[in-house]
Novice: 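Below is the structure I would like to discuss, written out as structure tokens.
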Amino acid sequence: MIKTVDLCKVYTTEEVETTALNNVNVEVSQGEFVAVMGPSGCGKSTLLNLLGLLDQPTSGQLHLNGLEVSRYSERQRAALRKASLGFVFQSFNLIDELTVYENVELPLLYLRTKAGERRKRVGEVLDQMEITHRRNHFPQQLSGGQQQRVAVARAVISKPKLILADEPTGNLDSAHGDEVMSLLLNLNQSGTTIVMVTHSVHYAEYAHRTVHLLDGRVVTENVREVLGV
């Protein structure tokens, strides 16, 4: 599903040039759950942004579902994001002025899904995430764990092939963090591919494989039996 070949990202200003990723070669198969770990500043979020087509590499190749997409235009990247990718962020990134229902529905509006189908799919995913009783509440009326459930619901509503999660438990206590990880694990067991950036060794154990970055390079990869399986 994912293959990077000598992927590099360099940020340049008038005063300094910073190499965020340096010849990264990573492969992720369909249905895998991969954790990306490493110290702050090692390139984890940069890699996730490139995989999510939120940025372009300086050099190298990025293959998604057999397509080489590293030089796609912003319009092409946006179309592929809408069709194939779901995102879960540490800060939830919900829209405060929209209800839970409206936040989850939003990706389907962008995809111009018909109203009846939108109602059906939003109802199903709210049930799946066990937040139907909060459908008319606004984000600020929810706990952190509930907000992240809404964020996960929004990420999966368009039935993406790949979910990219950037520190999805970072703003949660351990109980709510475990709940969110269980949701991601269930989605993965249903066939969704997941790549997750995390600082937590405990939550990395939910993944099939952990990729360790240091100074913009892959230094080790570990395969394990998945926690909870």
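Sequential numbering from 1 along the given sequence is applied to the chain's residues.
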Novice: Taking Asn93 for the side chain and Phe89 for the main chain, is one N or O donor matched with an acceptor at less than 3.5 Å?
Specialist: no
Novice: Given 3.5 Å as the limit, does a donor-acceptor pair link the side chain of Gln90 with the main chain of Ala165, or not?
Specialist: no
Novice: With sequence neighbours left out, which residue pairs that include part of residues 104-116 fulfil the side chain to side chain donor-acceptor pair (under 3.5 Å) condition?
Specialist: Glu105-Arg118
Novice: At what distance, to the nearest 0.5 angstrom, does CD1 of Ile163 lie from CG of Asn188?
Specialist: 9.0 Å
Novice: To the closest 0.5 Å, what do you measure between CG (Asp6) and CG (Asn23)?
Specialist: 4.5 Å
Novice: Determine yes or no for a side-chain-to-main-chain donor-acceptor pair under 3.5 angstrom, with Thr19 supplying the side chain and Leu21 the backbone.
Specialist: no
Novice: Spell out, yes or no, whether Phe87 and Leu64 are grouped together once hydrophobic residues are joined by side-chain heavy atoms under 4.5 Å, including indirect joins.
Specialist: yes
Novice: Give a yes or no on whether Val24 and Val69 share a hydrophobic cluster (residues Ile, Leu, Val, Met, Phe, Trp, Tyr; joining criterion: side-chain heavy atoms under 4.5 Å apart).
Specialist: yes
Novice: With a 3.5 Å cut-off and sequence neighbours excluded, list the donor-acceptor pairs that the side chains of residues 211-221 form with protein atoms.
Specialist:
unit_1: His212; atom_1: NE2; unit_2: Asn222; atom_2: OD1; d: 3.0
unit_1: Glu221; atom_1: OE1; unit_2: Arg209; atom_2: NH1; d: 2.6

Novice: Using the side chain to side chain contact (heavy atoms under 4.5 Å, CB included) criterion, which residues pair with Lys159? Sequence neighbours excluded.
Specialist: Arg121
Novice: If you look at every heavy atom in Phe33 and Tyr206, which pair is closest and at what distance?
Specialist: CD1-O, 3.7 Å
Novice: Which atom names give the shortest non-hydrogen contact between Gly31 and Thr193, and what distance separates them?
Specialist: N-OG1, 2.7 Å
Novice: Mind jotting down which residue pairs meet the salt bridge (charged side-chain N to carboxylate O under 4.0 Å, His left out) criterion with at least one end in residues 136-158? Sequence neighbours excluded, please.
Specialist: Arg149-Glu179
Novice: Should Leu187 and Val152 be marked as a side-chain contact (heavy atoms from CB on, under 4.5 Å) after you check the CA-CA gap, both sets of side-chain angles, and the distance that decides it?
Specialist: CA-CA 10 Å; Leu187 290 169; Val152 173; 3.8 Å; yes
Novice: Given side chain to side chain donor-acceptor pair (under 3.5 Å), test Thr99 with Asn136 step by step and report yes or no.
Specialist: CA-CA 5 Å; Thr99 65; Asn136 295 320; 5.2 Å; no
Novice: Taking the side chain as everything from C-beta on, heavy atoms only, tell me whether Val28 gets closer than 4.5 Å to Met1.
Specialist: no
Novice: Pairs in or reaching into residues 180-193: which pass salt bridge (charged side-chain N to carboxylate O under 4.0 Å, His left out), with residues at least two apart or in two chains?
Specialist: none
Novice: Going by side chain to side chain contact (heavy atoms under 4.5 Å, CB included), name the residues that satisfy it together with Thr58, two or more places apart in sequence or in a different chain.
Specialist: Lys9, Val10
Novice: Rounded to the nearest 0.5 Å, how far does OG of Ser91 lie from CD of Glu167?
Specialist: 11.0 Å
Novice: Rounded to the nearest 0.5 Å, what's the gap from CD on Glu17 to OG1 on Thr12? Could you check?
Specialist: 4.0 Å
Novice: Counting only N and O atoms by type, is there a donor-acceptor contact under 3.5 Å from the side chain of Thr4 to the main-chain atoms of Leu7?
Specialist: no
Novice: So how far is it from Asn103 CG to Leu94 CG, rounded to the nearest 0.5 Å?
Specialist: 5.0 Å
Novice: Tell me, do Val88 and Leu164 make a side-chain contact under 4.5 Å, heavy atoms counted?
Specialist: no
Novice: Using 0.5 Å steps for rounding, measure from the CG atom of Leu162 to the OG atom of Ser84.
Specialist: 8.5 Å
Novice: So do Val150 and Gln147 actually touch side chain to side chain, heavy atoms under 4.5 Å?
Specialist: no
Novice: Is Ile194 reachable from Met37 through a run of hydrophobic residues whose side-chain heavy atoms are each under 4.5 Å from the next?
Specialist: no
Novice: Taking the side chain as everything from C-beta on, heavy atoms only, tell me whether Val122 gets closer than 4.5 Å to Tyr101.
Specialist: yes
Novice: Could you report the tightest heavy-atom contact between Pro139 and Ile95, atom names first, then the distance?
Specialist: CG-O, 3.6 Å
Novice: Transitively linked via ILVMFWY side-chain contacts under 4.5 Å: Leu172 with Val197?
Specialist: no
Novice: Who are the side chain to side chain contact (heavy atoms under 4.5 Å, CB included) partners of Ser143, not counting sequence neighbours?
Specialist: Gln146, His176
Novice: Using side-chain heavy atoms (C-beta onward) and a distance below 4.5 Å, is His208 in contact with Val223?
Specialist: no
Novice: Applying side chain to side chain contact (heavy atoms under 4.5 Å, CB included), can you list everything that pairs with Asn186, at least two apart in sequence or on another chain?
Specialist: Gln189
Novice: Please go through Val16's hydrophobic cluster and name the other residues, only I, L, V, M, F, W, Y counting, with side-chain heavy atoms under 4.5 Å joining them.
Specialist: none
Novice: Determine which pairs satisfy salt bridge (charged side-chain N to carboxylate O under 4.0 Å, His left out) with at least one residue from residues 68-87, sequence neighbours left out, and list them in order.
Specialist: Glu74-Arg77, Glu74-Arg81
Novice: Taking the side chain as everything from C-beta on, heavy atoms only, tell me whether Val5 gets closer than 4.5 Å to Lys3.
Specialist: yes
Novice: Are a donor atom and an acceptor atom from the side chains of Asp178 and Tyr203 found within less than 3.5 Å of each other?
Specialist: yes
Novice: State, with a plain yes or no, whether a side-chain heavy atom of Gln56 is found less than 4.5 Å away from one of Ser70.
Specialist: no
Novice: Kindly indicate, with the supporting measurements, whether the criterion side-chain contact (heavy atoms from CB on, under 4.5 Å) is fulfilled by Tyr11 and Asp55.
Specialist: CA-CA 11 Å; Tyr11 295 101; Asp55 200 356; 3.5 Å; yes
Novice: Which heavy atom of Ala155 sits nearest to which heavy atom of Pro160, and what is that distance?
Specialist: O-CG, 3.3 Å
Novice: Within the 4.5 Å heavy-atom criterion, are His63 and Gln61 side-chain neighbours or not?
Specialist: yes
Novice: Would a single hydrophobic cluster contain both Ile131 and Leu108, if residues Ile, Leu, Val, Met, Phe, Trp and Tyr are joined by side-chain heavy-atom contacts under 4.5 Å?
Specialist: yes
Novice: Checking side-chain contact (heavy atoms from CB on, under 4.5 Å) for the pair Asp127/Glu124: CA distance, chi angles, key distance, verdict?
Specialist: CA-CA 5 Å; Asp127 284 344; Glu124 289 174 348; 5.8 Å; no
Novice: Could you name each residue pair satisfying salt bridge (charged side-chain N to carboxylate O under 4.0 Å, His left out) that touches residues 89-99, not counting sequence neighbours?
Specialist: none
Novice: Any chance you could lay out the side-chain contact (heavy atoms from CB on, under 4.5 Å) test for Val26 and Ile2, step after step, and finish with the verdict?
Specialist: CA-CA 8 Å; Val26 171; Ile2 297 171; 5.6 Å; no
Novice: If only atom types and distance count, is the side chain of Gln148 paired as donor or acceptor with the main-chain N or O of Phe92 below 3.5 Å?
Specialist: no
Novice: Show every donor-acceptor pair shorter than 3.5 Å between a side-chain atom in residues 39-54 and any protein atom, with sequence neighbours excluded, or say none if there are none.
Specialist:
unit_1: Lys44; atom_1: NZ; unit_2: Gly38; atom_2: O; d: 2.9
unit_1: Lys44; atom_1: NZ; unit_2: Pro39; atom_2: O; d: 3.2
unit_1: Ser45; atom_1: OG; unit_2: Asp166; atom_2: OD2; d: 3.3
unit_1: Asn49; atom_1: ND2; unit_2: Ser45; atom_2: O; d: 3.4

